[in-house]
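Presented below is the structure to which this report refers.
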Amino acid sequence: MDNVIGLEIIEVVEQAAIASARWMGKGEKNTADQVAVEAMRKRMNQIHMRGRIVIGEGERDEAPMLYIGEEVGICTQENASNVCDPEQLVEIDIAVDPCEGTNLVAYGQNGSMAVLAISEKGGLFAAPDFYMKKLAAPAVAKNHVDIRKSATENLKILSDCLNRSVEEMVVVVMDRPRHKDLINEIRSAGARVRLISDGDVSAAISCAFAGTNIHALMGIGAAPEGVISAAAMRCLGGHFQGQLIYDPEQVGTGLIGESKEGNLERLRSMGINDPDRVYNAEELASGETVLFAACGITPGTLMEGVRFFHGGARTQSLVISSQSKTARFVDTIHMFDNPKSLQLH
């Protein structure tokens, strides 16, 4: 799978990023998301694969584009019988977030990107559209820090693993009222806090790369993005744990479902009988082969955003493979019109 569609999934996120970046700073977050979805689907439907969206823009009735369960790939085209033989194509599960950080794009802020993760059929956890408590940390701290421990305990463990003082560490937390106590605890322990408004996938992945000055991600974010983060961290060998949050009072706002009981019933209907289970990266992305790809829409810690010039654009992407054990940064020039106008600005 790595050899067959590795390059093509880079083009999938690149096209989504370019489409969304055209709406950067225009205050239209829904449009920035919509065009990214459309571009991502169009490119995926050109790939010789039998793809199924396991994490997408929502349930089919609520999200007409890239909905959970949607089939993508070359065989979805009208003339499919002329261009493909379904029995000869690999079946893969796909988790997508065409525009991670729609508000960041809409208001011209850093950190938005187009992301996806793929694995063979059954290789990605089909997370419900709930929230998830998350803990990400560098590879050296894997299986040492634990989401069930307090932030203070984990910072001490992380300090020992990294051989640096707590005061030298930076923890990323989403800027939400629900994190008030967590933020205070991290600061009281001596670490520094970097608050982000959106986009915790980038923050989680940054923990696995030296030199980013991000040493941990803590707090509650969206569960689907947790699976995408786990896929990348599994490939990178970093630490990632997630625990589903099903109590609306614990989140405060935005949780699907009006009651804790109703959410528990929904989890049971999805085959999740232990709602408090703590999942690690290998459980959330359990496939034999896992691929992750991302392309910066606006500038971020790991990648530059899309930069337009007359006749084209320049993108920076990241593709991570569990099979080849590589993390590749890809710098691409896209020529829209006349190649003679190519400029490397």
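- A donor-acceptor pair under 3.5 Å is formed between the side chain of Thr76 and the backbone N or O of Gly73.
- Within 6.0 Å of CG on Asn163 lie no more than 12 heavy atoms contributed by other residues, nucleotides or ligands.
- A continuous path of ILVMFWY side-chain contacts below 4.5 Å connects Met40 to Ile118, so both sit in one hydrophobic cluster.
- Between the side chain of Ser202 and the main chain of Gly199, no donor-acceptor pair closer than 3.5 Å is present.
- For the pair Glu185 (side chain) and Thr152 (backbone), a donor-acceptor distance under 3.5 Å is present.
- Connection of Leu182 to Ile147 is established within a shared hydrophobic cluster, with ILVMFWY side chains joined at heavy-atom distances below 4.5 Å, either directly or through further cluster members.
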For Arg176 and Asp198, run salt bridge (charged side-chain N to carboxylate O under 4.0 Å, His left out): C-alpha distance rounded to whole Å, both residues' side-chain angles, the deciding distance at 0.1 Å, then the answer.
CA-CA 10 Å; Arg176 300 289 188 271; Asp198 295 280; 3.6 Å; yes

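- Here the CG-CD1 distance, from Leu116 to Ile55, works out to 11.5 Å after rounding to the nearest 0.5 Å.
- Salt bridge Lys142/Glu282: present, at least one basic N to carboxylate O contact under 4.0 Å.
- Between the side chains of Ser150 and Glu153, at least one donor N or O sits under 3.5 Å from an acceptor N or O.
- At a threshold of 4.0 Å, the pair Glu8-Arg43 counts as salt-bridged, since one of the basic side-chain nitrogens sits closer than that to a carboxylate oxygen.
- Side chain of Glu120 to backbone of Thr289: a donor-acceptor contact under 3.5 angstrom is found.
- Within a 6.0 Å sphere centred on CE of Met174, other residues, nucleotides and ligands contribute more than 12 heavy atoms.
- Evaluation of the ring-ring contact (aromatic ring centres under 6.0 Å, His included) test over residues 172-207, restricted to residues two or more places apart or in two chains, returns none.
- Judged purely by atom type and a 3.5 angstrom limit, Arg234 uses its side chain to pair as donor or acceptor with the backbone of Gly287.
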Side chain to side chain contact (heavy atoms under 4.5 Å, CB included) between Lys42 and Gln15, intermediate numbers included
CA-CA 9 Å; Lys42 180 179 179 180; Gln15 293 305 310; over 6 Å; no

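- Of the possible donor and acceptor atoms, one in the side chain of Arg192 sits under 3.5 Å from a partner among the backbone N and O of Glu168.
- For the pair Lys29 and Asp33, the salt-bridge criterion is not met [side-chain N within less than 4.0 Å of a carboxylate O].
- Connection of Phe209 to Leu158 is not established within any shared hydrophobic cluster, with ILVMFWY side chains joined at heavy-atom distances below 4.5 Å, either directly or through further cluster members.
- Each of Val13, Ile205, Leu236, Ile9 was compared with Phe292 under the side-chain contact (heavy atoms from CB on, under 4.5 Å) criterion, and only Ile205 meets it.
- Both Leu135 and Ile183 belong to a single network of hydrophobic side chains, linked directly or stepwise wherever heavy atoms of I, L, V, M, F, W or Y lie under 4.5 Å apart.
- Taking both residues in full, the closest heavy atoms of Ser322 and Cys235 are given as N-SG, 3.5 Å, listed atom of the first, atom of the second, then distance.
- For Glu288, the CD atom counts as loosely surrounded, since its 6.0 Å shell holds 12 or fewer non-hydrogen atoms of other residues, nucleotides or ligands.
- Between Arg268 and Asp274, none of the side-chain N atoms (NZ, or NE/NH1/NH2) sits under 4.0 Å from a carboxylate O, so this pair counts as no salt bridge.
- Taking the charged nitrogens against the carboxylate oxygens, Asp93 and Arg52 do have a contact shorter than 4.0 Å, which makes a salt bridge.
- The backbone N or O of Glu225 lies less than 3.5 Å from a partner atom in the side chain of Ser229, making a donor-acceptor pair.
- Residues forming a ring-ring contact (aromatic ring centres under 6.0 Å, His included) with Tyr107 (at least two apart in sequence, or on another chain): none.
- Taking the ring centroids of Phe309 and Phe336, they lie at or beyond the 6.0 Å cut-off.
- The cluster map of Ile, Leu, Val, Met, Phe, Trp and Tyr, joined by side-chain heavy atoms under 4.5 Å apart, puts Val251 and Leu195 in different clusters.
- By the 4.5 Å heavy-atom criterion applied to side chains, Ile74 and Asn45 are not counted as neighbours.
- For NZ of Lys26, the number of neighbouring non-hydrogen atoms (other residues, nucleotides, ligands) closer than 6.0 Å is greater than 12.
- Under a 3.5 Å cut-off, the side chain of Ser321 and the backbone N or O of Leu291 do not form any donor-acceptor pair.
- Gln241 contributes atom CD, which lies 6.0 Å from atom CZ of Arg148 (distance to the nearest 0.5 angstrom).
- Here CG of Asp247 is found 8.5 Å from CG of Asn263. Values are rounded to the nearest 0.5 Å.
- When only modelled atom types and interatomic distance are considered, Gln34 and Glu38 share a side-chain donor-acceptor pair under 3.5 Å.
- In this structure, the separation between NZ on Lys325 and CD on Gln323 is 9.5 Å, given to the nearest 0.5 Å.
- Atom CD1 in Ile297 sits 10.5 Å away from atom CD1 in Ile18 (nearest 0.5 Å).
- Between Arg277 and Glu283, at least one side-chain N (NZ, or NE/NH1/NH2) sits under 4.0 Å from a carboxylate O, which counts as a salt bridge.
- Once rounded to the nearest 0.5 Å, the distance linking CE of Met270 with CD of Glu265 reads 12.5 Å.
- With a 6.0 Å radius and a threshold of 12 heavy atoms from other residues, nucleotides or ligands, Glu71 has its CD atom at or below the threshold.
- No donor-acceptor pair under 3.5 Å is formed between the side chain of Thr315 and the backbone N or O of Glu14.
- With hydrogens and angles ignored, the 3.5 Å screen pairs a side-chain donor or acceptor of Arg178 with a backbone N or O of Ile220.
- Of all heavy-atom pairs between Ala32 and Ser20, the closest is O-OG, 3.1 Å.
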For Val290 and Ser119, what are the C-alpha separation, side-chain angles and deciding distance, and is it a side chain to side chain contact (heavy atoms under 4.5 Å, CB included)?
CA-CA 5 Å; Val290 176; Ser119 184; 4.0 Å; yes

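- At a threshold of 4.5 Å between non-hydrogen side-chain atoms, the residues Gln109 and Thr298 do not count as touching.
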